[in-house]
Amino acid sequence: MPSTPSGEAPSVSTERPGIVGRRRSDGVFRGVTIVAGGLILAALAAVAVFLVAQSIPALVADPAELKGSPSSFWAYVGPLAFGTVWAAVLALIMAVPLSIGIALFISHYAPRRIAQALGYVVDLLAAVPSVVFGLWGITVLAPAVTPLYGWLTENLGWLPFFTPPVSGTGRTILTVAIVLAVMIIPIITALCREIFLQTPVLHQEAALALGATRWEMIQMAVLPFGRAGMISASMLGLGRALGETMVVAMVLSPAAVLSFVLTGSQNPSTIAGNIALNFPEAHGVGVNALIATGLILFLITLVINSVARFVINRRSAFSGAN
Amino acid sequence: MITRGLLAGASLIVAATLLAGCAANELGDTPSDLRGTIDGSGSSAQGAAQEVWVAGFQRQNAFVTINYDPAGSGAGREAFLSGGVDFAGSDSPLSDDELAGELAACAPGSSAIDLPLYISPIAIAFNVEGVDELDLDAATIANIFSGEITRWDDPAIAALNPETPLPAATITAVHRSDDSGTTKNFTDYLHQAAPEQWEPEAADTFPFASGESAQGNSGVVAAVRSGVNTIGYADASKVGDLPVASLLVGGQFVAPTTDAAAAIAEISPRIPGRAEHDIALKVDRTSQEEGVYPLVLISYVIACEEYADPDVAVVLVEYLRHIVSEAGQAEAAEAAGSAPLAEGLREEVLDAIDSIR
Amino acid sequence: MATAHPNSLTTARLPRWSPWALLAGSWVVVGVISGLLSAASGAELNIALVVLLGTVVFDVLLYVLARLVEGSRQAVNRLVTSLVATAFIIALLPLISLLWTVVVNGLPRFDPTFFSNSMRNIVGEGGGALHAITGTLLITGMATLISVPVGLLTAIYLVEYGRGPLARAITFFVDVMTGIPSIVAGLFAFAFFALVLQDPGIRFGFGGSVALSLLMIPVVVRSSEEMLRIVPNELREASYALGVPKWLTIVRVVIPTSIAGIATGVTLAIARVIGETAPLLIIAGFTASMNYNLFADRMMTLPVFVYTQYANPGTNVDAYLERAWAGALTLILIVMALNLIARLIARIFAPKLGR
């Protein structure tokens, strides 16, 4: 084969024909994967164009036309953005340690047979639709935590988080964060578990052979190996918590406030929850305002993810996954 | 193992039915000459009633499918204006601006009309220990929901309920967290009947930052039921077994019954300056007539005067006739808890329907 | 014997049964104490709280005991073990409560009628969710058909080929994509198809699949990427050394090695979207009748079914709520079946590893 359509002719021409075929099929395969990646970029660009185009009318409109007549669009979206991040962070603080604990329990502590069954249950829970989490939050969780909130405000009321008065129905941002945490635990757990299970057995056995206890082995071999994966899994969970719609809409008692109080009636709402609550009755520029808040949520996720990527990339040099 | 058995059984049934190609209940309706699919969208307050009407109508007309999507009044009106659906359900009539614009579903040059078809009282439901009956007036309700009155043993409430043992407890007032026609009618009532206590004008959004909030009628009812010393407003048909307050109207306390709601709709004037068959009502919230309950939600079906597609008009007119028929109104009253239209208003609406082409 | 560092092989160990006995003991003691307290104050005994407090007491006791008998390293090990178990119990409490609520409320209507009827012409009692089950299977199935190839191929590109700005851009924007709120995905799909097909009221199943794909693809990419990345390079190098071309190495070595993880990821992604309500309300619509055609007319789905049954009940509220719970139970069972299938796939294709 003296000539090939590709530009790499000089290096190819000296090789056997089979190699050229391989190169070509390799190229095709690579091309297909690039097309798939490009498709994602194109879809995202289309979504971004849609969001920006639909947001502009709200950004330039008279703020008096927005819900609650705020002084500007930013005054409208501010408490929502705060509430979104606040609820998601609370949920993540609760969910990540628990999830890593459960994943370790399944991968390294529980007997193999039990572990499989448990893994199955956790996977299953990832599938419970958010509407059901919402129903459960209203009917079971909120009434159950109301007495606890009463106790917290009475005894820890001096903390800014538990300033009285207490909510009479338990439908506060802390309740929402608990439901969100329960919702994202299965997601984070399932991914962490898969990653922990992939830790090279040799690393683990080497650590044990050196006389490490089980925890020391996990510290030395499993956790460093899984660090990037754990952050990835947490980010997936965070993404879901940030964007969750139905649970927030159904469980929260929202108000347009900026407050750190966890147990009161007046809670900051979240962007996604606010869209779900107000979209059905929205018309005219109100629709644009809601989509504009969606754009803000988009940007919030972007910033958080960039930070997480930065952390992962800085750490990856030290991880055992090479 | 039990779940696996259930699963196997369920998938067998599903597979069998999928192969059969049809759901068991989709057979055996009476055929008629009408055929086609009509789409509607809008008010979720009407959702349960529309379900009843659709079922009754489809049973008599096997080849007709009517989809009503309870997406919300705003979404329904938007979809209707852009031609996305054939009719809209809405808790408020079309505004002048909306009427002035182009209506994509209608024949060029023709306008749209509002037909009041679903009337339901808005109940003030409460859950207070030891209290089964409560009498309130507009001013007191306004003060409770705006946060002026914070305790159940407040003199204003006690004066209206001399017989009732009111607890010395904090009031938790629950309002809607989502924008809704229910809130608009509630605030409209308070603004008109107690303008000094309730300054903000009627709006879909609850105007004060006080009390708790919850999503939808179901959410408000759930919050009132599961909380302690709570009060909230919701469509009377959704309140269930919760006790409801009576309103002071013309010196008497009136309970939120369907009769009292139908009575206020009957005596309410039309909004002036509209097309002949546009029955947009301006509810007389300050009425002092005997036995009327002015805190009502009137929900409309919005349709074209003349449709661009005449086939749609044929089916839709028959469907609307079914809704407004005595049987249709009675069915909805039973299964959705709405107030049947009073005879005078019913005749008016029937005339309007017959004008649709 | 008087060495400075005690030898861990010869120090005393707690007997094997001691943690279990301690755990049971803590539960019983805390249970009795709070039982007495609640009897005294007349309040109801909260079992979840007893289990929780008992477990915490157990953690502390075990640490102290192990520290006294076995030394600090073993004590830390014991503490972590018990903490991990505690995390597991804490997380299980709400999860079990949730599952229990769904099963108890869902079973009354989990009958043949529910699986053989739609909601057409049904008012009050009776009726079923066949139309919604069909719709969910079709729409989610189509979304999977779109997302898995795109997502998996992108992950392969990122892990095996991706260097330079394009790969960095894709990685970054996939992260951004996880942040699309589900309702925005629905709005976008609606606006897109309304524009392309020139129908301002467009509602059809395929649009729902596209909206769900937007939500599903980042999850597939993210999880597959992680799973492909941890395939040991030795395997790839061994394959290259045998003269196997790169693409064949990926298809025959890399993917089978990570197939279990990929299958979990895909199942997770399906689970993520199969319960979505908001986008489907907007683009797939609402109907009470059967529809098998993804490309025309409105199509019902289970989450929308559950939501509308809950949000817009008639006067017979219980009948509607029972249908809602039965719908939720069905949805969970569908995912359970998918899970089984994924595991089966993993078992068939995964190479036998030495562990």
Side-chain angles (χ1 to χ4, degrees), chain A residues 66-70 79 120-121 124 131 134-135 137-147 150 164-172 245-259 264-270 273-284 286-287 290, chain B residues 3 41-44 69-79 81 90-92 95 97-98 127 150 169-184 200 203-216 218-220 222-232:
Chain A
L66 301 176
K67 180 180 174 177
S69 306
Y120 192 65
V121 171
L124 198 66
V131 178
L135 282 176
I138 301 175
T139 54
V140 180
L141 186 65
V145 291
T146 310
V166 68
S167 156
T169 56
R171 293 160 52 261
T172 74
T245 314
M246 280 307 180
V247 162
V248 181
M250 288 165 82
V251 178
L252 191 67
S253 163
V257 293
L258 234 161
S259 117
S265 294
Q266 306 279 311
N267 301 285
S269 186
T270 76
N274 185 59
I275 295 178
L277 283 178
N278 296 322
F279 188 74
E281 294 298 324
H283 48 85
V287 177
L290 290 177
Chain B
T3 43
S41 169
S43 159
S44 55
D69 182 354
S73 304
R77 286 206 304 274
E78 288 269 297
L81 295 178
S90 172
D91 295 344
S92 50
S95 67
D97 286 351
E98 286 168 328
N127 179 12
T150 57
T170 311
I171 299 177
T172 301
V174 185
H175 58 84
R176 290 281 289 269
S177 61
D178 50 339
D179 289 355
S180 72
T182 311
T183 301
K184 190 170 189 178
D204 284 342
T205 310
F206 189 79
F208 290 100
S210 68
E212 297 237 344
S213 52
Q215 183 205 19
S218 320
V220 170
V224 170
R225 181 171 289 139
S226 65
V228 279
N229 300 317
T230 46
I231 187 166

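Naming: A, B, ... by sequence-line order, numbering from 1 per chain. The shown structure was predicted, so the numbers you read here are calculated from the model rather than taken from an experiment.
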Q. Would you say B:Thr183's side chain and B:Asp179's backbone share a donor-acceptor pair under 3.5 angstrom?
A. no
Q. Of the listed residues (B:His175, B:Gln215, B:Glu212, B:Arg225), which shares the most heavy-atom pairs with chain A below a 4.5 Å separation?
A. B:Glu212
Q: Under 4.5 Å, counting heavy-atom pairs only, tell me which of B:Gly72, B:Ala209, B:Gly76, B:Ser213 racks up the most with chain A.
A: B:Ser213
Please flag which part of [X] lies under 4.5 Å from any non-hydrogen atom of chain A: side chain, backbone, both or neither.
X: B:Glu78; answer: side chain
X: B:Ala223; answer: both
X: B:Thr230; answer: side chain
X: B:Thr172; answer: side chain
X: B:Arg77; answer: side chain

Q: Can you tell which part of A:Pro143 gets under 4.5 Å to a heavy atom of chain B, answering side chain, backbone, both or neither?
A: side chain
Q: Mind ranking A:Ile138, A:Thr139, A:Leu277 by heavy-atom pairs under 4.5 Å with chain B and telling me who comes out on top?
A: A:Leu277
Q) Are side-chain N/O atoms of A:Asn274 and A:Ser269 paired as donor and acceptor at under 3.5 Å? A) no
Q. Should A:Ser253 and A:Asn267 be marked as a side-chain hydrogen bond (donor to acceptor under 3.5 Å, both in side chains) after you check the CA-CA gap, both sets of side-chain angles, and the distance that decides it?
A. CA-CA 6 Å; A:Ser253 163; A:Asn267 301 285; 4.6 Å; no
Euclidean distance, [Y] [atom2] relative to [X] [atom1], rounded to 0.5 Å:
X: A:Thr169; Y: B:Asn127; atom1: OG1; atom2: CG; result: 11.5 Å
X: A:Asn278; Y: B:Thr205; atom1: CG; atom2: OG1; result: 6.5 Å
X: B:Thr182; Y: B:Asp91; atom1: OG1; atom2: CG; result: 6.0 Å

Q: Looking only at non-hydrogen atoms, find the nearest pair between A:Val145 and A:Gly170 and report the distance.
A: CG2-O, 4.3 Å
